[in-house]
Amino acid sequence: MGKKTYITTTLPYVNADPHIGFALEIIQADIYARFLRERGGEVFFNFGTDEHGQKIYEKAKENGEDTQAYVDRYAAKFDALKKALNLTYNNFIRTTDPHHIMAAQEFWKRCNANGDIYKKNYKVKYCVGCETEKTDSDLVNGCCPDHSNRQLEIREEENYFFRYSKYGQKLLDLYNNNPEFVVPSWRLNEVRKFVEGGLEDFSISRLRTKMPWGIDVPGDPDHVMYVWFDALVNYVSAVGWPDRMEEFDSWWPVVQFAGKDNLRHQSATWQAMLMSAGIAPSKKIFIHGWVLGGGGQKMSKSLGNVINPFEVVEKYGGDALRYFLSREMTPFEDGDFTEARFKEAFNAGLANGLGNTSSRVLKMAESYLPGPVTVGEAEIPALYSKYIEGLELNKAMDLIWSKLSEMDSIIQETQPFKLVKTDKDAAAKIVTDLVKRLFSISKMLAPFMPETSAKIEEAIKANNLAAPLFMRLE
RNA sequence: GCCGGCGUAGCUCAGUGGUAGAGCACAUCACUCAUAAAGAUGUGGUCCCAGGUUCGAUCCCUGGCGCCGGCACCA
């Protein structure tokens, strides 16, 4: 049995359909998981949906839908990513699962037992015009931007608070002792700066009368947990905490994948919560950038530049999308996804590159060799592994493509297609070597483009390429 | 406003104290094992602007302009 690794994405909040940006996150995680398994490791890969809270409650109401029915529908939509993107997560957790609810309550109790939860009056700014509460970031010059003529009301209610302020130094110690705790390093700096600025306790409950769609606070039926306090606990409840501790201990700590908008929640808030509950911190957190819609603009309905991952897959295939997101995106920075860019990358990398090179090698193999090549062990450069371990997926892909281009050079220089007329054995030897190289490439490609990799290996085994891998798009 | 980052070929990005590179795109040539693909050659840059340090700066320093991110209860 290989080394065990537990990885998880964030849980998308089910108030919108799956977005291409989330596809990036889960594809990164899936590549990482497949890579670890390829080298013999055992992986627990967690994914799921975050289903509590105000917004969901309201959205379901808007739709005139039962809240549970609403979240069921959305959970299914997200779980559909598995097939579309060819994902290998083995656990789909929902924060409405009974086991998770129990775990969240137990987590609360542990924090409480540790003296980190207390009741306090919570001052809420309320706009009578909107009839909703406002946070400071909602306000412009201290007023509601939609009702600047009205005075905000200050309403008070009792809430439970989490003693976040207690964990500032401990978090800084965590960061300083683990310089690769957050990757890339500049994101670690960002969160460190935030923590250095001082932490304030925050509210972790809501009055049930105002917002019933949440997990009960243990011992206080008037309150439910604030949604993300419960949601974060999924990372431990997914692997058996608190009732199956042997299982939990065999997997924890976790390697997390999250977007830059989640930096603080995952690398500060959640870590403080773990400390409070007496659980070891996460192992590592990879922070990716956003997928933008061209010209550095966010995708939005009004700009008409929204890319639906399901549509891309239907049109171009799951591997093509995985290719684009892993090679054409810089893993930690924002990147543009436009159909024009996608097609360009598809033609250059998949049709002209991988597809054509595979085709020329396999056709020669079929014509010149008496049977399939015995490929032996794949040759995987150390650099390849190093790149993936650091989630530098684009670099790993570039490395693979440089190997492809090496093959083209070899064919160009040795001309086995001419040599075969004068020296069949010499030509066969060259082609055999090329097939072995192609095999190594397919092995390296496997985590990124599993279907294509499998097709190449089948073709090598059969000594026949049944169909072209990728045809040029017009 | 405060803190941080960035500004290099049409696009995406590397890079170095000694007057710049890759991939893609584009053009030409040429070839045929291959998917009009691969290959060779080439077009293309005042390395944001201005000052300073230096024998010499795209790289160091200062200022300016432009863009982006963060500045907590949206998850």
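So you know, we letter chains A, B, ... as the sequences are listed, proteins then strands, and number each from 1.
- The pair A:Glu339-A:Lys315 counts as a salt bridge, with a side-chain nitrogen and a carboxylate oxygen less than 4.0 angstrom apart.
- Across all strands shown, B:G56 remains unpaired; no Watson-Crick or G-U wobble contact has both distances below 3.5 Å.
- Nucleotide B:G17 forms no Watson-Crick or G-U wobble pair with any nucleotide shown, as no partner meets the under 3.5 Å limit on both distances.
- Atom P of B:C47 sits at a distance of 23 Å from the matching atom of B:U54, rounded to the whole Å.
- Comparing B:G39 with B:G23, their P atoms are spaced 10 Å from each other, to the whole Å.
- Spacing between atom NE2 of A:His265 and atom P of B:G70 amounts to 14 Å, rounded to whole angstrom units.
- The 12-atom threshold is not exceeded at NZ of A:Lys61, counting heavy atoms of other residues, nucleotides or ligands nearer than 6.0 Å.
- Judged as a ring-ring contact (aromatic ring centres under 6.0 Å, His included), and not counting sequence neighbours, the contacts of A:Phe337 are A:Phe324, A:Phe342.
- Between the side chains of A:Asp319 and A:Thr452, at least one donor-acceptor pair of N or O atoms lies under 3.5 Å.
- If you check B:C74 for Watson-Crick or wobble pairing at under 3.5 angstrom, you find it has no partner at all.
- The list of salt bridge (charged side-chain N to carboxylate O under 4.0 Å, His left out) pairs with a residue in residues 166-175 of chain A, not counting sequence neighbours, reads A:Asp116-A:Lys166.
- Per the geometry, OH belonging to A:Tyr226 stands 7 Å off C1' belonging to B:C74, to the nearest Å.
- The side chain of A:Tyr164 places no N or O atom within less than 4.0 Å of a non-bridging phosphate oxygen (OP1 or OP2) of B:C73.
- Taking A:Phe22 as the reference, A:Phe47 meet the ring-ring contact (aromatic ring centres under 6.0 Å, His included) condition, with sequence neighbours excluded.
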Between side-chain atoms of residues 178-188 of chain A and protein atoms elsewhere (two or more places apart, or another chain), which donor-acceptor pairs fall under 3.5 Å?
unit_1: A:Asn178; atom_1: ND2; unit_2: A:Leu174; atom_2: O; d: 2.8
unit_1: A:Glu180; atom_1: OE1; unit_2: A:Lys284; atom_2: NZ; d: 3.4
unit_1: A:Arg187; atom_1: NH1; unit_2: A:Glu190; atom_2: OE1; d: 2.7

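- Base pairing analysis places B:C11 opposite B:G23; the two distances defining the Watson-Crick or G-U wobble pair are each below 3.5 Å.
- One finds no salt bridge joining A:Arg206 and A:Glu157 here, because no Lys/Arg side-chain nitrogen approaches an Asp/Glu carboxylate oxygen to under 4.0 Å.
- Scored by the ring-ring contact (aromatic ring centres under 6.0 Å, His included) test, A:Trp270 finds A:Phe107, A:Tyr235 as partners (sequence neighbours excluded).
- Taking the salt bridge (Lys or Arg N to Asp or Glu O under 4.0 Å) definition, one finds that A:Asp334 meets it with A:Lys260, sequence neighbours left out.
- With a cut-off of 3.5 Å on both pairing distances, the Watson-Crick or G-U wobble partner of B:A50 is B:U62.
- The 5' end of RNA chain B is approached more closely, in terms of each residue's nearest nucleotide, by A:Glu200 than by the other of A:Glu200 and A:Asn262.
- To the nearest angstrom, P of B:A14 lies 18 Å from CE of A:Met397.
- Looking at residues 49-57 of chain A, you'll see A:Asp50, A:Lys55 sit with a heavy atom under 4.0 Å from some atom of RNA chain B.
- For the C1' atoms, the distance from B:G15 to B:A20 is 9 Å, rounded to whole Å.
- Nucleotides B:U35 and B:C68 have their P atoms positioned 47 Å apart, rounded to a whole Å.
- In this structure A:His100 satisfies the side chain to side chain contact (heavy atoms under 4.5 Å, CB included) test together with A:Ile93, A:Thr95, A:Asp97, A:Ala104, A:Ile215, A:Asp230, A:Val233, A:Asn234, A:Ser237, sequence neighbours excluded.
- Between the C1' atoms of B:C13 and B:G18, the separation comes to 24 Å (whole Å).
- Between the NE2 atom of A:His19 and the P atom of B:A75 there is a distance of 18 Å, given to the nearest Å.
- Using a 4.0 Å heavy-atom cutoff across all strands shown, A:Gly198 reaches at least one base atom of the nucleic acid.
- Partners of A:Arg360 according to the salt bridge (Lys or Arg N to Asp or Glu O under 4.0 Å) rule, which considers only residues two or more places apart in sequence or in another chain, are A:Asp408.
- A:Glu25 places its CD atom 12 Å from the C1' atom of B:A75, with the value rounded to the nearest Å.
- Nucleotide B:A25 holds its P atom 13 Å from the CZ atom of A:Arg341, rounded to whole Å.
- Using a 4.0 Å heavy-atom cutoff across all strands shown, A:Ile204 reaches no nucleic acid atom at all.
- Side-chain rings of A:Trp228 and A:Tyr13 stay apart, their centers remaining 6.0 Å or farther from each other.
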Contact letters for nucleotides 30-38 of chain B, in which S counts primed atoms plus P, OP1 and OP2 and B counts the base, heavy atoms under 4.0 Å: ---BBB-BB
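- Atom CE in A:Met211 sits about 13 Å away from atom P in B:C74, given to the nearest Å.
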Under 3.5 Å, which donor-acceptor pairs do the side chains of residues 431-441 of chain A form with other protein atoms, sequence neighbours left out?
unit_1: A:Thr432; atom_1: OG1; unit_2: A:Ala428; atom_2: O; d: 2.7
unit_1: A:Asp433; atom_1: OD2; unit_2: A:Arg437; atom_2: NE; d: 3.1
unit_1: A:Arg437; atom_1: NH1; unit_2: A:Glu406; atom_2: OE1; d: 3.1
unit_1: A:Ser440; atom_1: OG; unit_2: A:Glu379; atom_2: N; d: 2.8
unit_1: A:Ser440; atom_1: OG; unit_2: A:Lys436; atom_2: O; d: 3.4

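- B:C67 and B:U62 are spaced 22 Å apart, taking the P atom of each and rounding to whole Å.
- Of all the residues in residues 317-335 of chain A, not one reaches under 4.0 Å from RNA chain B with any non-hydrogen atom.
- When heavy atoms are screened at a 4.0 angstrom cut-off, A:Asn189 is found touching no nucleic acid atom at all.
- Distance, A:Phe22 CZ to B:C74 C1': 17 Å, rounded to whole Å.
- In a base pair of the Watson-Crick type (N1 to N3 plus N6-O4 or O6-N4) or a G-U wobble (N1-O2 and O6-N3), with each distance short of 3.5 Å, B:G69 is matched with B:C3.
- For B:U32, there is no paired base (Watson-Crick or G-U wobble, both distances below 3.5 Å).
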